[in-house]
Every structure is written in C-alpha cells, then in structure tokens.
Engineer: 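What follows is a structure written as structure tokens; I'll ask about it next.
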Amino acid sequence: MSGPTPRPLVEPRDVPYEEFPASTRSTDGTHVLAADRTPRHGSAVLGVEYARKSGRALHLHVLLPPTGPGGDERFPLVVYVQGSAWFEQQLGTNLPALAHFARRGYVVAIAEYRPSTVAPFPAQVRDAGSAVRFLRRNAERFHVDPERVAMWGDSSGGHTTVLAHLTDGDQEYGDEPVDAEPLALRCAVDYYGPTDIARMNEEPSIQDHTGPRSPEGVLIGGVDVLANPERVRPTVAAHHVDPAVPRPPLLVVHGDKDRLVPFGQSVLLVEALRAAGQPVTFHRLAGADHGGPPFWTEEVLDVVDGFLRENL
C-alpha cells in the first residue's frame, strides 16, 4: 500500500507581514480570535555587563517600553539605583514595578554597584556614573535618547543618586574622564535616601547607624561614624551643594514613618538645596514606612512621571 501523496514544499519567501498569506488550513471546532498587534508590554534585556571593577562584573537590567513595528524609536533613559544599605543589591526587588513604569515611555536601566564590603564610598557613585556613560555610548542598542537622561534611586540608591547628581564634573566621583563624558543628567529622583550619615540617630530608628558594622560604618571603611568626621564629610549631600554651581532639578519623596532612614534626612537635603537656590520638589508620603507599596501607587508614579516629563 502506498501512503498519501506528499504535498509539494513551498519555497521560503522573504516578504513583509502584510503580504504574507494567512493559512487556509483548518479543522472542525477551531475557535478564531482576531490578532491585535498593538504593543502593550515592553521587553527586558537582563544581565548586561557594563563594567568590570574590583575583580567583578557589574550588570544592568534594561527595561524597554512597548515599541511599534520596526522598533526604531528612541526614549528618555532613567537609570535606577536599587537600594541595599550599600551592601549586595537584589536588582529584581523593584523590577516588576519599574517594568510597569517603563510602559509610560521610558527605558529604565537598573544599575548594579559594588557593595561597600568590596569597595567603600565613593565607589557606588562612580559605578552609577559608569552605568550612565555605558548606556549613552550604547544608546542605539537600547533605544535611548542620549540627550534625555535621568537618575532615580531608593534608600542607599537614593543616596547614590543624589551624590551623582551633586558631584557631576568632579573627577573624584568618576572612573571615566568627567570632562569628556559628563553625566549631564536632566533631573534626578530620590526615594527616601540618607543624606547625612552622622545625623541618622537624631530621630527614632530600628537600626544602628553609627557603629563600625552598621551600614553607614561599613560604607566609610568599617569604622565608627561619629569618630571619623573626615570620612563622613564626602558622603554628606549638603557638603556638595554649591550655590555657584547650578544643578538640575531634584524630586524627593520620603515616608514620615520611615523606620530605617528617618524622614528628617530628606528635610536636611531639601533645606540645603533651597538655601543654595537649587531646584528641588519635596513630597512627604504620610504614613509610609521605608519603601514598599505606597511608593508604587499610580498616584505617586504620576508625580514621578510628571516630574520626569517636565524635565526630560
């Protein structure tokens, strides 16, 4: 017995989607759904190595917004610095929320820095700057508009963001030539970051902030914070506020029931910036603790989005 006559093979044809024929084959009971090609979700490029420092690779998770056919659009870039008390970061902590935010039309890159146990301050600020410069050099690959760049960070990542924002142009805080490759941030967002580690205990907290093994002590080399003012001074945001050096706008959001980084830390920064005539917007998130869902509501993200759109 002979089998069924084989169907002739169709030669491959490189044609546009619009010209490609729909299949004519079917079977009983098939349900038909109309394809909607409108992009609703972006994409992610995870584990991108952007630098090697202190014998270790540093990575980015790059989140892209939805793009139309062709995918050649350029979007403003937001480099996000994940908080970790300056220790080893978990880059996925806020990844779902940031992927949701990217849908608003941003490339969001979550940047890894060297933990303080590997490299003390200012390594974290230098690493954040290296991430910005890498992304600008690779703007086409990641659909970035290199002229529209912002930084955003939470907790220790907020501290890193603020220090990067205030030290742009200072070679001490860059591993690349800062004159040739300035950060040129258009704005920055600080979620509940420390701003003066020697004054963290002026308000109630559930954590030690002064001992050699505290996050702040490890940040400056594993020493007592209050006994080493010369090491503390460069980490203090207000130390870098200069009325003669205009800085781009900063948005600060902090919960007034923060049990780890007291609300007053942001008050200190905002008052220093205002006294120097620097642009800053401050939002007190009533009843919010240290991070968590209150900072990722649509209402709060609308504030962040509006700030970024105004300045990018």
Side-chain angles (χ1 to χ4, degrees), residues 53-54 79 81-89 111-132 151-175 178 183 185 188-203 205 207-242 245 247 250 252 254 258 260-273 275-276 278 280 290:
K53 302 183 184 184
S54 301
V79 177
V81 187
Q82 176 62 53
S84 63
W86 301 285
F87 296 137
E88 197 81 35
Q89 294 159 290
E112 179 183 17
Y113 56 48
R114 283 169 289 172
S116 56
T117 51
V118 171
F121 182 87
Q124 298 71 32
V125 179
R126 292 172 177 169
D127 294 349
S130 295
V132 170
M151 191 177 290
W152 179 7
D154 73 286
S155 192
S156 62
H159 175 265
T160 299
T161 293
V162 168
L163 268 291
H165 164 268
L166 292 174
T167 61
D168 189 16
D170 186 338
Q171 190 60 65
E172 175 65 21
Y173 297 89
D175 280 335
V178 298
L183 294 185
L185 301 177
V189 179
D190 167 26
Y191 266 12
Y192 47 88
T195 65
D196 187 338
I197 63 173
R199 301 182 65 178
M200 296 278 278
N201 283 4
E202 291 184 0
E203 294 179 79
S205 175
Q207 183 173 320
D208 172 41
H209 297 290
T210 62
R213 295 184 180 180
S214 69
E216 293 76 13
V218 176
L219 178 67
I220 58 173
V223 297
D224 184 275
V225 171
L226 300 182
N228 291 274
E230 74 289 348
R231 295 197 190 189
V232 168
R233 181 173 170 77
T235 74
V236 176
H239 170 66
H240 302 281
V241 176
D242 184 348
V245 182
R247 296 296 180 185
L250 176 69
V252 180
H254 205 139
D258 193 320
L260 289 178
V261 177
F263 179 78
Q265 287 285 299
S266 286
V267 173
L268 292 171
L269 171 62
V270 170
E271 289 182 343
L273 290 168
Q278 303 285 9
V280 60
H290 191 69

Engineer: Calculate, to the nearest 0.5 Å, the distance between atoms CG and CE belonging to Leu260 and Met200 respectively.
Structural biologist: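 If we round to the nearest 0.5 Å, Leu260:CG and Met200:CE are 8.0 Å apart.
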Engineer: Taking all atoms of both residues into account, what is the closest heavy-atom pair of Ala164 and Met151, and its distance?
Structural biologist: CB-SD, 3.9 Å
Engineer: Give the intermediate values and the outcome of ring pair (Phe, Tyr, Trp, His ring centres under 6.0 Å) for residues Tyr191 and His254.
Structural biologist: CA-CA 6 Å; Tyr191 266 12; His254 205 139; 9.8 Å; no
Engineer: Would you please test Asp154 and Tyr192 for side chain to side chain contact (heavy atoms under 4.5 Å, CB included) and show each step?
Structural biologist: CA-CA 6 Å; Asp154 73 286; Tyr192 47 88; 3.3 Å; yes
Engineer: Can you see whether His209 engages Ser205 through a side-chain donor-acceptor pair at a distance of less than 3.5 angstrom?
Structural biologist: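 The criterion, which ignores hydrogens and geometry beyond distance, is satisfied for Ser205 and His209.
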Engineer: Taking it one step at a time, do Ser155 and His290 satisfy side chain to side chain contact (heavy atoms under 4.5 Å, CB included)?
Structural biologist: CA-CA 8 Å; Ser155 192; His290 191 69; 2.9 Å; yes
Engineer: Once salt bridge (charged side-chain N to carboxylate O under 4.0 Å, His left out) is applied, what residue pairs with a partner in residues 212-232 remain, sequence neighbours excluded?
Structural biologist: none
Engineer: Would you find a donor on one side and an acceptor on the other, under 3.5 Å apart, between the side chain of Ser156 and the backbone of Gly83?
Structural biologist: no
Engineer: Do you know which two heavy atoms are closest between Thr235 and Leu163, and how far apart they sit?
Structural biologist: O-CD2, 3.9 Å
Engineer: If I compare all heavy atoms of Pro120 with all of Val218, which pair ends up nearest, and what's the gap?
Structural biologist: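 That closest heavy-atom pairing would be CB-O, 4.4 Å.
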Engineer: Any donor and acceptor pair, going by atom type alone, linking the side chain of Asp208 with main-chain N or O of Ser214 inside 3.5 Å?
Structural biologist: no
Engineer: Nearest 0.5 Å, what's the OG1-CG distance between Thr167 and Asp242?
Structural biologist: 12.5 Å
Engineer: If only atom types and distance count, is the side chain of Glu112 paired as donor or acceptor with the main-chain N or O of Gln89 below 3.5 Å?
Structural biologist: no
Engineer: Tell me, with the steps shown, if Leu219 and Gln124 meet side chain to side chain contact (heavy atoms under 4.5 Å, CB included).
Structural biologist: CA-CA 10 Å; Leu219 178 67; Gln124 298 71 32; 3.6 Å; yes
Engineer: Measure the CD-CG distance between Gln207 and Asn201 for me, rounded to the nearest 0.5 Å.
Structural biologist: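 These two atoms lie 10.0 Å from each other.
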Engineer: Would you compute the distance between atom OG1 of Thr210 and atom CG of Asn228 and round it to the nearest 0.5 angstrom?
Structural biologist: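 With rounding to 0.5 Å, OG1 (Thr210) is 11.5 Å from CG (Asn228).
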Engineer: What is the distance from atom CG of Asp258 to atom CD of Glu203, rounded to the nearest 0.5 Å?
Structural biologist: 9.5 Å
Engineer: Only counting residues at least two apart or in another chain, list the ones meeting side-chain contact (heavy atoms from CB on, under 4.5 Å) with Thr195.
Structural biologist: Ala237, Gln265, Leu268, Leu269
Engineer: Report yes if the side chains of Thr161 and Val189 come closer than 4.5 Å at any heavy-atom pair, otherwise no.
Structural biologist: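 Not in contact.
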Engineer: Apply salt bridge (Lys or Arg N to Asp or Glu O under 4.0 Å) to Glu271 and list each qualifying residue two or more places apart in sequence or on a separate chain.
Structural biologist: none
Engineer: For the residue pair Val79 and Ala111, what are the closest heavy atoms and their distance?
Structural biologist: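 What the structure gives for the nearest pair is CG1-CB, 4.0 Å.
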Engineer: Partners of Glu202 by salt bridge (Lys or Arg N to Asp or Glu O under 4.0 Å), sequence neighbours excluded?
Structural biologist: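 Expected list: Arg199.
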Engineer: Answer whether the closest heavy-atom distance between the side chains of Leu273 and Leu166 falls below 4.5 Å.
Structural biologist: yes
Engineer: Could you tell me whether the side chains of Ser84 and Tyr113 share a donor-acceptor contact shorter than 3.5 Å?
Structural biologist: yes
Engineer: How far apart are the C-alpha atoms of Asp168 and Asp170, what are their side-chain angles, what is the distance that settles it, and do they pass the side chain to side chain contact (heavy atoms under 4.5 Å, CB included) test?
Structural biologist: CA-CA 6 Å; Asp168 189 16; Asp170 186 338; over 6 Å; no
Engineer: State, yes or no, whether a side-chain contact exists between Phe121 and Ser116 at a heavy-atom distance under 4.5 Å.
Structural biologist: no
Engineer: Asp175: which residues meet the side-chain contact (heavy atoms from CB on, under 4.5 Å) condition with it, sequence neighbours left out?
Structural biologist: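 Only Lys53, Arg114, Arg126, Asp127, Ser130 meet the side-chain contact (heavy atoms from CB on, under 4.5 Å) criterion with Asp175.
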Engineer: Can you sort out the partners of Ala276 under side-chain contact (heavy atoms from CB on, under 4.5 Å), two or more places apart, ordered by chain and number?
Structural biologist: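 Testing Ala276 for side-chain contact (heavy atoms from CB on, under 4.5 Å), a comparison that skips the adjacent residues, returns Val241, Pro243, Gln278.
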Engineer: About how many Å separate CG of Leu183 and OH of Tyr173, when rounded to the nearest 0.5 Å?
Structural biologist: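 Tyr173 atom OH to Leu183 atom CG measures 13.5 Å (nearest 0.5 Å).
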